[in-house]
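Scope of the values below: all heavy atoms of this structure, side chains included, with no hydrogens, waters or symmetry mates. Convention: sequence-line order gives letters A, B, ...; per-chain numbering from 1.
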Protein chains: 2
Amino acid sequence: MQAFAYKNEWVYASSDSLNDNEPMALSQAIMTALIEDDMSGYELAQSFDSSLGLFWRASHQQIYQELKKLSEQQLLNKREVSQSGKPNKIVYGLTLLGREALQEWVYKESKVQEAKDDLLVKLYNLDASNVSHMITELEGRRENIMQRLYLYERIRRRHYADPDSLPIRRQGVYLALLGGIRNGEQYLGWCDEALKQLASIDSD
Amino acid sequence: MQAFAYKNEWVYASSDSLNDNEPMALSQAIMTALIEDDMSGYELAQSFDSSLGLFWRASHQQIYQELKKLSEQQLLNKREVSQSGKPNKIVYGLTLLGREALQEWVYKESKVQEAKDDLLVKLYNLDASNVSHMITELEGRRENIMQRLYLYERIRRRHYADPDSLPIRRQGVYLALLGGIRNGEQYLGWCDEALKQLASIDSD
DNA sequence: TTTTTATATGCAAAAGCTTGCATAAATGAT
DNA sequence: ATCATTTATGCAAGCTTTTGCATATAAAAA
């Protein structure tokens, strides 16, 4: 068992904190987005700004590349759809193979990943000269989270007011949304704690 | 301004939710880890299991590659250190240029990044056949977070019992730690909510 | 009528990260 | 003596992601 020292204090790392490597979940995120409705790359990129994309962002290049790969692997099928007033689009849908692969993936163990938030790294660099900048950044973050929470709450009230009565899959989506809401609420609270602390430093 | 539909509900995306691209923060995370003490790649990889690494993980290969790049850019210097009973190590330290670059980086705007948690994607795939597996995964996640929280709390009590009396940089580290603690507490609460909901589905 | 905006898709190169392997010194265990 | 483990560093191939174009249709605005 591996041990490390944190300032005279010895800590034993639990084995599950180490890398047990999973492929990417981008492909699964895309397939998941296609469970109920077929979509084009462009629509996916947009829907990633809402719904699943509340938790999983991807650029359009990433999406197009992944769609190409997934359809080469027969996990997705594609068809061109003519539109009036717009260029044609290529709509992707899950194949039976894709649905099976997705269901199997659910059973594979997933790793816990840490936040990787730039702001936390920045806080390690806090000093008298940048306190006011940190306050500004935290305020921006706070505003950002507020907006996100507002959106989440609207979705919740509109579509998940009575979660117990929803079909099972929707209850899962609800739990993910709830995770987003709880996380946002917590982040907001932390911002306020941190801002209070920073304000007291700044006034010294 | 870009708009998208979420189930009949129109939402206007705020501009800051889009990609404004930052380089990587791995290099900054490494430089930050070297602010107070010089370290070898091996020591960095280990310290990434504690301290900053509570929030930012990196493999040893990633670290060695980054150290090489950073010293080529004159942001770090290196020296070989002989050890008794162990192979020699190469110890890296921040150069003046590195310290300046780090201080400047703090002022660059950082993006908010979403969770990218596999578990949330899996929840979108919830159905009658995998409810019990989801419960198992959530219980595992809960256990994992508990352990992490326990570690955080130990560190907090041992080194940050009276944050106001700490030097400024340490107060920043404390705020990051507090973020980890608050986030863990929230995640734990959400796990319990979700487990309760899943249990009620499973018993139907 | 030209320009801008939204829709729609993609390539190619570069950068970054993961995976698998390889090496080596020193200690301790068999 | 040999083997396993810990400490310590790194290469090379492959995969993923980002960055920077590039293209094209159609509507709307200037």
Inset, instruction - Send over the distance from B/Lys116 NZ to D/dT16 P, rounded to a whole Å. - result: 13 Å
In residues 66-77 of chain B, what donor-acceptor pairs under 3.5 Å come from side-chain atoms, sequence neighbours left out?
unit_1: B/Glu66; atom_1: OE2; unit_2: B/Lys69; atom_2: NZ; d: 3.4
unit_1: B/Ser71; atom_1: OG; unit_2: B/Leu67; atom_2: O; d: 3.0
unit_1: B/Ser71; atom_1: OG; unit_2: B/Lys68; atom_2: O; d: 3.2
unit_1: B/Gln74; atom_1: NE2; unit_2: B/Glu72; atom_2: O; d: 3.4
unit_1: B/Asn77; atom_1: OD1; unit_2: B/Gly93; atom_2: N; d: 3.4

Inset, instruction - Find the distance A/Met39:CE to C/dA8:C1' and express it as a whole number of Å. - result: 15 Å
Name every donor-acceptor pair, under 3.5 Å, that has one atom in a side chain of residues 186-195 of chain A and the other anywhere in the protein, sequence neighbours excluded.
unit_1: A/Tyr187; atom_1: OH; unit_2: A/Asp117; atom_2: OD2; d: 3.1
unit_1: A/Tyr187; atom_1: OH; unit_2: A/Arg141; atom_2: NH1; d: 3.1
unit_1: A/Trp190; atom_1: NE1; unit_2: B/Leu175; atom_2: O; d: 2.9
unit_1: A/Asp192; atom_1: OD1; unit_2: A/Arg142; atom_2: NE; d: 2.5
unit_1: A/Asp192; atom_1: OD1; unit_2: A/Arg142; atom_2: NH2; d: 3.4
unit_1: A/Asp192; atom_1: OD2; unit_2: A/Arg142; atom_2: NH2; d: 3.2
unit_1: A/Glu193; atom_1: OE1; unit_2: B/Arg182; atom_2: NE; d: 2.6
unit_1: A/Glu193; atom_1: OE2; unit_2: B/Arg182; atom_2: NH2; d: 3.1

Inset, instruction - Figure out the CD/P separation between A/Gln62 and C/dA8, and round it to whole Å. - result: 20 Å
Legend entry - Length of the line joining B/Glu66:CD and D/dT9:P, which is rounded to integer Å: 16 Å
Legend entry - Distance in angstrom units between A/Gln73 CD and D/dT16 C1', rounded: 13 Å
N/O to N/O distances under 3.5 Å, protein versus nucleotides 26-30 of chain D:
unit_1: D/dA26; atom_1: O3'; unit_2: A/Gly85; atom_2: O; d: 3.4

Legend entry - Between D/dT16 (C1') and A/Lys69 (NZ): distance, integer Å: 7 Å
Inset, instruction - Not counting sequence neighbours, which residues clear side chain to side chain contact (heavy atoms under 4.5 Å, CB included) with A/Tyr150? List them please. - result: A/Arg154
Inset, instruction - Flag the pair A/Val106 / B/Met134 as yes when at least one side-chain heavy-atom distance between them is below 4.5 Å, and no otherwise. - result: yes
Legend entry - Spacing between A/Ile30 atom CD1 and D/dT17 atom P, to the nearest angstrom: 9 Å
Inset, instruction - Mark up nucleotides 9-14 of chain C, 5' to 3', with B wherever a protein heavy atom is under 4.0 angstrom from a base atom, S wherever such an atom reaches only the sugar-phosphate, and - elsewhere. - result: BBBB--
Inset, instruction - Measure from CH2 on A/Trp56 to P on D/dT16 and round the result to the nearest Å. - result: 13 Å
Inset, instruction - Please list, chain by chain and in numerical order, all residues satisfying side chain to side chain contact (heavy atoms under 4.5 Å, CB included) with B/Ser82, sequence neighbours excluded. - result: B/Asn88
Legend entry - Approximate separation, where rounding is to 0.5 Å, of A/Ile30 CD1 and A/Leu102 CG: 12.0 Å
Legend entry - Sequence neighbours excluded - ring-ring contact (aromatic ring centres under 6.0 Å, His included) pairs with any residue from residues 115-135 of chain A: A/His133-B/Tyr107
Legend entry - Sequence neighbours excluded - salt bridge (charged side-chain N to carboxylate O under 4.0 Å, His left out) pairs with any residue from residues 88-104 of chain A: A/Glu43-A/Lys89
Legend entry - Listed partners of B/Lys116 passing side chain to side chain contact (heavy atoms under 4.5 Å, CB included), at least two apart: A/Trp56, B/Glu114
